[in-house]
Amino acid sequence: MVLSKRIVLASLALLLVAGRARAQAWGGGATIGVVNDVEHHFRWDGFHSKDIAGYLEYEIEKKVVVRATYGQMNVKGENAGQTFTLPSGEVRTMPDLTEDIKYATLGVSYEFFEGPFTSGMFAGIGGYKIEPDPVPEEIANYRDNRETSFGWHAGVDGSWQMLKHLNLVVRLTIHGILSTQGRYILSAGGGVTYRF
């Protein structure tokens, strides 16, 4: 079974067992955002592409939340724009191809209450599946690897209560993907959380 599926199943099992004690502590939501590859440098204009995620969360004690997330980022390939030499000796530049990175993460968030606004810090582990776009056969050996790897994530978020159970959420997350090439991707997004 793929690592990301194991993480999601284990997360759901944990949440189901814990949920019997306090059903009102459950929550779920979705976010959409932009991503920035920050492995070599950070630029404000580097945010592009997208990150879409859905999550389930459970408050295990006051202001301590366990969150299971499944999402997909569309990012620029690690080798995009790099030069390479074909066996014929011809030097070429890799086109600006993109790749999808599907991920499943499990993390813990520590929230700080500040009136109708709640801020928090979170961190956890996850599985990442990298799926590069297809390329012409002659450059297939030079594109990013198709692989599944382990990784970690950490970040900060803020939440505003809009209605009794509905919160507006903003989240800044860094993903450290321990793939062959190693990727560090910063995601900035927003969405909604519904807490039961």
Side-chain angles (χ1 to χ4, degrees), residues 1-36 47 49-75 100-131 148-178 184-196:
M1 187 182 288
V2 178
L3 178 62
S4 60
K5 288 182 183 176
R6 289 182 185 167
I7 290 171
V8 170
L9 290 175
S11 303
L12 291 175
L14 174 68
L15 293 173
L16 286 174
V17 170
R20 295 181 184 220
R22 289 179 55 204
Q24 71 276 13
W26 280 95
T31 58
I32 186 167
V34 292
V35 294
N36 190 349
F47 284 100
S49 300
K50 68 176 185 273
D51 178 15
I52 298 173
Y55 54 90
L56 288 175
E57 59 185 31
Y58 180 75
E59 188 176 29
I60 54 176
E61 50 182 82
K62 189 157 181 67
K63 301 302 177 189
V64 179
V65 175
V66 174
R67 184 178 300 122
T69 304
Y70 181 78
Q72 179 172 322
M73 295 180 274
N74 180 263
V75 299
D100 290 329
I101 301 177
K102 296 178 181 172
Y103 61 93
T105 61
L106 181 63
V108 176
S109 177
Y110 297 95
E111 298 179 339
F112 306 98
F113 182 72
E114 300 166 6
F117 174 75
T118 300
S119 60
M121 300 181 304
F122 59 89
I125 58 172
Y128 296 82
K129 185 174 185 180
I130 301 170
E131 298 178 341
T148 300
S149 62
F150 184 72
W152 55 268
H153 70 284
V156 294
D157 58 12
S159 174
W160 291 268
Q161 186 171 7
M162 307 302 285
L163 299 171
K164 183 177 180 182
H165 297 285
L166 189 66
N167 292 350
L168 179 65
V169 176
V170 293
R171 191 166 288 144
L172 186 65
T173 309
I174 182 136
H175 295 270
I177 305 171
L178 307 177
Y184 293 92
I185 299 172
L186 185 63
S187 171
V192 293
T193 300
Y194 185 86
R195 288 192 172 168
F196 303 98

**Q** Between D157 and R67, is the salt bridge (Lys or Arg N to Asp or Glu O under 4.0 Å) condition met? List the steps.
**A** CA-CA 13 Å; D157 58 12; R67 184 178 300 122; 3.7 Å; yes
**Q** Using the side-chain contact (heavy atoms from CB on, under 4.5 Å) criterion, which residues pair with V156? Sequence neighbours excluded.
**A** M121, L172
**Q** Less than 4.5 Å apart, side chain to side chain, heavy atoms only: is that true for R171 and D51?
**A** no
**Q** Which value, rounded to the nearest 0.5 Å, describes the distance between T105 atom OG1 and W152 atom CH2?
**A**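 One finds 12.5 Å between OG1 of T105 and CH2 of W152.
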**Q** Enter the distance from I177:CD1 to I101:CD1 here, rounded to the nearest 0.5 Å.
**A** 4.0 Å
**Q** Hey, what do you get for OG (S149) to CG (L178), rounding to the nearest 0.5 Å?
**A** 6.5 Å
**Q** Going by the rule side-chain hydrogen bond (donor to acceptor under 3.5 Å, both in side chains), which residues pair with T118 if we only count those two or more places apart in sequence or in a different chain?
**A** none
**Q** Among Y184, F150, Y128, which residue meets the ring pair (Phe, Tyr, Trp, His ring centres under 6.0 Å) test with H175?
**A**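 Testing each of Y184, F150, Y128 against H175, the sole residue satisfying ring pair (Phe, Tyr, Trp, His ring centres under 6.0 Å) is Y128.
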**Q** Report yes or no: does H153 contribute a side-chain atom to a donor-acceptor pair with the main-chain N or O of I174 at less than 3.5 Å?
**A**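 No, the answer is negative, given that no donor and acceptor are paired below the 3.5 Å cut-off.
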**Q** For L166, enumerate each residue passing the side-chain contact (heavy atoms from CB on, under 4.5 Å) test, keeping only those at least two apart in sequence or located in another chain.
**A** L163, V192, Y194
**Q** Could I get the full list of side-chain hydrogen bond (donor to acceptor under 3.5 Å, both in side chains) partners for S109, not counting sequence neighbours?
**A**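 In terms of side-chain hydrogen bond (donor to acceptor under 3.5 Å, both in side chains), with neighbours along the sequence ignored, S109 is linked to no residue.
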**Q** Once rounded to the nearest 0.5 Å, what's the spacing between atom CG of L168 and atom OG1 of T193?
**A** 9.0 Å
**Q** Testing the basics here: between V170 and W160, what is the closest heavy-atom pair and its distance to 0.1 Å?
**A** CG2-CZ3, 3.6 Å
**Q** From R195 CZ over to W26 CH2, what is the distance, rounded to the nearest 0.5 angstrom?
**A**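 These two atoms lie 13.0 Å from each other.
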**Q** Pick one: which of I130, N36, V35 meets side chain to side chain contact (heavy atoms under 4.5 Å, CB included) with V75?
**A**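 By the side chain to side chain contact (heavy atoms under 4.5 Å, CB included) criterion, V75 pairs with just one of I130, N36, V35: V35.
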**Q** Check whether any side-chain heavy atom of T31 lies under 4.5 Å from a side-chain heavy atom of Y55, and answer yes or no.
**A** yes
**Q** Quick one: pull up CZ in F196 and NE2 in H165 and give me the separation to the nearest 0.5 Å.
**A**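 Spacing of CZ (F196) from NE2 (H165) equals 9.5 Å.
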**Q** Does some side-chain heavy atom of Y70 sit less than 4.5 Å from a side-chain heavy atom of K102?
**A**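 Sidechains of Y70 and K102: in contact.
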**Q** Which residues satisfy the side-chain hydrogen bond (donor to acceptor under 3.5 Å, both in side chains) test with T173, sequence neighbours excluded?
**A** none
**Q** Mind checking what makes side-chain contact (heavy atoms from CB on, under 4.5 Å) contact with Q161, not counting sequence neighbours?
**A** N167
